[in-house]
2 protein chains.
Amino acid sequence: MNSRACRDRSAQRAVVVKALAHPSRLMIAEALADGERCVCELTALIGADMSTVSKHLALMKSVGLIEPEKRGLNVYYRLSCPCFADLLRCVDLITRKQAAALQRVAG
Amino acid sequence: MNSRACRDRSAQRAVVVKALAHPSRLMIAEALADGERCVCELTALIGADMSTVSKHLALMKSVGLIEPEKRGLNVYYRLSCPCFADLLRCVDLITRKQAAALQRVAG
DNA sequence: CGGCTACTTGGCTATTTTGCCAAGTATGAA
DNA sequence: TTCATACTTGGCAAAATAGCCAAGTAGCCG
């Protein structure tokens, strides 16, 4: 096994995973999985300053997770990869398993 | 759509995603996907201080991603959820798409 | 043109994360 | 018991993230 290649691959993956590693960004991603949204819609959903949301979006865009399209005054974002929905499902499998484990501990 | 529920769900997901959002932790996860490893093997693989690796492992364990088993002097870790392999595949789909996009920009 | 809305960017502070060293625990061997 | 190995934990300093405000850009309408 090539340790250097493994390291590089992990670094690349980390860039994508980090771009999702925040509650607000996961909310954005989930909303976009349902269809495109403009920044003000996402801002209302998240309940933070628009500048904050805009920076989250810029980060997600920079790693290729989402794509913007300007129409009139609004900028609409959409997921650039439908495979993201699968990723969310994988995460949920783990969170459910985690919840079950906590149940066992508590019960 | 219940905004509060969405917020909670995203917070839960973020806990899991954050536990993967680091190159070393992704290396660990990839290694464990191939089978259990003890801490010193992982330390050699990653090339950091053992205390650092141990803290990464503690974090991953705390969110239920991995499970330890002590045998003699060693502690062996394994993935607690095989679905993690799927998650890695999802991430790779995105990184490949990202790489393709960069290609287009460069070319 | 001026003013309005939608959004982005700069800059700053507060918080979180990371990684090393040092010190502690646990197990096995002599 | 003493020593060595494997690992964890505490603590600290450096680095990365997050979020707000203020200021800037861009498109529409009068």
Side-chain angles (χ1 to χ4, degrees), chain A residues 3 7 10-29 31-32 35-78 80, chain B residues 3 7-8 10-29 31-32 35-80:
Chain A
S3 167
R7 196 180 308 277
S10 296
Q12 261 199 312
R13 284 167 170 164
V15 169
V16 169
V17 176
K18 277 188 187 187
L20 285 171
H22 189 284
S24 297
R25 293 199 290 270
L26 284 166
M27 282 183 79
I28 290 171
L32 298 189
E36 65 175 21
R37 298 278 190 282
C38 70
V39 180
C40 57
E41 287 172 320
L42 294 171
T43 298
L45 175 69
I46 291 174
D49 196 277
M50 184 181 277
S51 71
T52 299
V53 173
S54 184
K55 280 181 182 173
H56 283 309
L57 291 166
L59 174 60
M60 295 172 79
K61 185 179 73 169
S62 76
V63 307
L65 225 45
I66 59 176
E67 288 168 1
E69 182 186 344
K70 181 148 195 172
R71 292 205 299 273
L73 277 180
N74 303 289
V75 177
Y76 289 88
Y77 282 91
R78 74 178 74 89
S80 45
Chain B
S3 168
R7 196 179 309 276
D8 289 349
S10 296
Q12 261 200 312
R13 285 168 170 164
V15 169
V16 169
V17 175
K18 276 189 186 186
L20 284 170
H22 189 286
S24 297
R25 293 198 290 269
L26 285 165
M27 283 183 80
I28 290 172
L32 298 189
E36 63 174 23
R37 298 277 191 280
C38 70
V39 181
C40 59
E41 288 172 319
L42 293 170
T43 297
L45 174 71
I46 292 173
D49 196 277
M50 183 181 277
S51 70
T52 299
V53 174
S54 183
K55 280 182 181 173
H56 283 308
L57 291 166
L59 175 60
M60 294 172 80
K61 185 181 71 169
S62 77
V63 307
L65 227 43
I66 59 176
E67 288 168 3
E69 182 186 345
K70 181 148 194 172
R71 292 205 299 274
L73 278 180
N74 304 288
V75 178
Y76 290 88
Y77 282 91
R78 76 178 73 90
L79 291 182
S80 46

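The figures here come from the full heavy-atom set of this structure, side chains too, leaving out hydrogens, waters and symmetry mates. To find a chain, count down the sequence lines: A is the first, B the second, and so on, and within it residues start at 1.
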Open item on the list: Closest approach to the side chain of A:S54, judged atom by atom: which nucleotide of D:dC7, C:dC20, C:dC7 is it?
Closed with: C:dC7
Task: Which nucleotide in C:dT8, C:dT9, D:dT9 has an atom nearest any side-chain atom of A:V75 - done: C:dT8
Open item on the list: I'd like to know whether B:R78 forms a side chain to side chain contact (heavy atoms under 4.5 Å, CB included) with B:I66, so could you lay out the CA-CA distance, the side-chain angles of the two residues, the decisive distance to 0.1 Å, and finally the verdict.
Closed with: CA-CA 5 Å; B:R78 76 178 73 90; B:I66 59 176; over 6 Å; no
Task: Over-ring placement of B:R71 relative to B:Y76, 6.0 Å and 45° cut-offs - done: yes
Using a cut-off of strictly less than 4.0 Å, decide whether [X] has a side-chain nitrogen or oxygen near OP1 or OP2 of [N].
| X | N | result |
| --- | --- | --- |
| B:N74 | D:dT5 | no |
| A:H56 | D:dG19 | yes |
| A:K18 | D:dT17 | yes |
| A:H22 | D:dG19 | yes |
| A:Y77 | C:dT8 | yes |
| B:T52 | C:dC20 | yes |

Closest approach of [X] to [Y] (non-hydrogen atoms, all atoms of both residues):
| X | Y | value |
| --- | --- | --- |
| A:A19 | A:R25 | O-NE, 2.9 Å |
| B:D49 | B:T43 | C-CG2, 4.4 Å |
| A:Y77 | A:L32 | O-CD2, 3.4 Å |

Task: Residue whose closest nucleotide on DNA chain D lies nearer the 5' end, A:S24 versus B:S51 - done: B:S51
TODO: Grab the CD-P distance between B:E36 and D:dC7 for me, whole Å please.
DONE: 12 Å
Task: Integer-rounded Å distance: C:dA6 P and A:E41 CD - done: 11 Å
What protein N or O atoms touch nucleotides 27-30 of chain D N or O atoms at under 3.5 angstrom, if any, and at what distances?
none

- [ ] Start with the C-alpha gap between A:V39 and A:N74, add the side-chain angles, then the distance that decides, and say whether side chain to side chain contact (heavy atoms under 4.5 Å, CB included) holds.
- [x] CA-CA 7 Å; A:V39 180; A:N74 303 289; over 6 Å; no
Open item on the list: Checking A:K61 against A:E67 for the side chain to side chain contact (heavy atoms under 4.5 Å, CB included) test, could you report, in this order, the C-alpha distance in whole Å, the side-chain angles of both residues, the deciding distance, and whether it holds?
Closed with: CA-CA 6 Å; A:K61 185 179 73 169; A:E67 288 168 1; over 6 Å; no
